[in-house]
Amino acid sequence: MEAPRGFIRDMLDVKMLILFVMAEAKYAMTMQAIYEATFQDDKLSYFDIAIAVPQMVDTGHLQEVEHGKYRLTPFGRDAEKTTWDGIPKPVLDRARAAVIRFNQKTRREQMIHAGYSRREGEREEYAVRLDLGDEIGELMHLELTAGSEKQAEQLKKAFEEGAELLYRNIMEQLSARKDHADV
């Protein structure tokens with residue numbers, strides 16, 4: 001049985017861990033995302049985060065950049081550089097791994113966009129828009145027709161789960177050399 005982890009002793013420890021997590025994050029984080037990344041200690045609760053984050057906004061360490069999303073300020077970054085070594089290495093390692101997962105998930109979500117809308121007309125038809133991009137720009141824009149809202153939702157979800165594989169398969173099919181074809 002694993003022994004309870006116990007780095008967190010007071011609100012200062014909570015704030016040091018938040019500073020570290022926010023310095024590692026490449027994207028603005030919601031309070032829930034901050035909690036998920038900082039929950040590396042059995043003594044930390046969501047309520048600790050709910051208290052610490054607004055206080056850190058008030059002190060200028062964090063900035064609310066969108067409704068409910070926060071980023072580290074330059075002042076917070078300076079504070080993090082002087083406090084991170086006060087956090088035990090196992091806690092740092094677990095928090096860093098959690099932030100890496102957050103960064104990867106957020107990056108992917110920003111590159112994949114899918115949605116649908118009902119087309120006007122007598123028949124029930126939906127236009128399903130599927131977009132995949134990268135840091136430079138759009139890689140693929142695909143629009144499909146679905147015969148029902150249920151099918152449109154299925155196409156949207158399937159694309160969100162496997163956009164990269166679909167793109168790779170399309171590129172392989174379109175780039176494949178056919179016998180006697182001039183490419």
Side-chain angles (χ1 to χ4, degrees), residues 1-116 129-135 149-150 152-166:
M1 184 170 167
E2 187 178 333
R5 299 174 271 190
F7 157 68
I8 302 296
R9 294 176 310 275
D10 56 27
M11 190 55 67
L12 181 60
D13 292 337
V14 172
K15 291 176 181 180
M16 284 179 8
L17 189 53
I18 291 171
L19 285 173
F20 174 76
V21 162
M22 297 304 289
E24 296 286 313
K26 294 180 180 177
Y27 306 95
M29 296 180 85
T30 63
M31 209 171 299
Q32 180 65 34
I34 294 168
Y35 172 69
E36 289 170 6
T38 57
F39 185 68
Q40 307 306 323
D41 190 298
D42 293 338
K43 295 189 178 187
L44 181 75
S45 76
Y46 183 83
F47 299 107
D48 294 325
I49 302 303
I51 292 167
V53 168
Q55 288 177 356
M56 295 174 77
V57 170
D58 290 344
T59 60
H61 291 91
L62 298 179
Q63 176 185 20
E64 188 171 8
V65 291
E66 296 174 46
H67 179 69
K69 289 189 176 183
Y70 302 90
R71 278 200 165 283
L72 194 62
T73 64
F75 179 63
R77 190 163 305 281
D78 290 343
E80 186 274 336
K81 289 177 185 175
T82 63
T83 60
W84 72 269
D85 59 348
I87 304 169
K89 185 172 178 357
V91 175
L92 284 178
D93 291 344
R94 289 190 300 267
R96 183 177 285 119
V99 175
I100 288 170
R101 288 189 301 274
F102 167 80
N103 286 337
Q104 290 170 337
K105 180 180 179 244
T106 304
R107 180 177 177 263
R108 186 177 187 281
E109 288 171 353
Q110 289 186 346
M111 294 181 184
I112 297 171
H113 301 280
Y116 60 89
R129 292 166 313 287
L130 311 170
D131 297 304
L132 177 65
D134 64 9
E135 291 87 5
E149 186 172 9
K150 182 179 178 183
E153 184 64 33
Q154 288 172 334
L155 292 171
K156 175 184 173 289
K157 284 185 180 187
F159 183 75
E160 289 170 342
E161 293 171 4
E164 300 91 337
L165 179 60
L166 177 64

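- Separation of atoms CD (Glu80) and CE (Met16) is listed at 10.0 Å; rounding is to 0.5 Å.
- The minimum heavy-atom distance between Lys15 and Ala52, with the atom names listed, is CG-CB, 4.0 Å.
- Residues passing the ring-ring contact (aromatic ring centres under 6.0 Å, His included) test with Tyr46 are Tyr35, sequence neighbours excluded.
- Using a 4.5 Å cut-off on side-chain heavy atoms (C-beta onward), Phe159 and Leu132 make contact.
- Checking side-chain atoms of Thr73 against main-chain N and O of Gly60 turns up a donor-acceptor pair under 3.5 Å.
- The distance from the CE atom of Met29 to the OG1 atom of Thr38 is 8.0 Å, given to the nearest 0.5 Å.
- Under a 3.5 Å cut-off, the side chain of Asp48 and the backbone N or O of Leu44 do not form any donor-acceptor pair.
- Between the CZ atom in Arg101 and the CG atom in Asn103 there is a gap of 11.0 Å [rounded to 0.5 Å].
- Side-chain N or O atoms of Thr30 include none that pairs as donor or acceptor with a backbone N or O of Lys69 at under 3.5 Å.
- Heavy atoms only, all atoms of each residue included: Thr59 and His61 are closest at OG1-ND1, 2.6 Å.
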Subject >> Ile18 vs Leu62, side-chain contact (heavy atoms from CB on, under 4.5 Å): CA-CA, chis, key distance, verdict >> reply: CA-CA 10 Å; Ile18 291 171; Leu62 298 179; 4.2 Å; yes

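- Listed here is the closest heavy atom pair of Met31 and Ala50: SD-CA, 3.4 Å.
- With contacts defined as side-chain heavy-atom distances shorter than 4.5 Å, the pair Met11/Gln55 qualifies.
- A donor-acceptor pair is defined here as one N or O able to donate and one able to accept, closer than 3.5 Å; such a pair exists between the side chain of Asp10 and the backbone of Asp13.
- At least one side-chain heavy atom of Gln110 sits under 4.5 Å from a side-chain heavy atom of Tyr27.
- Considering only heavy atoms from C-beta on, Lys105 comes within 4.5 Å of Glu109 through its side chain.
- Pairs passing the salt bridge (charged side-chain N to carboxylate O under 4.0 Å, His left out) check and including a residue from residues 23-38, sequence neighbours excluded, read Glu24-Arg96.
- Gln104 contributes no side-chain N or O that, together with a main-chain N or O of Arg108, makes up a donor-acceptor pair within less than 3.5 Å.
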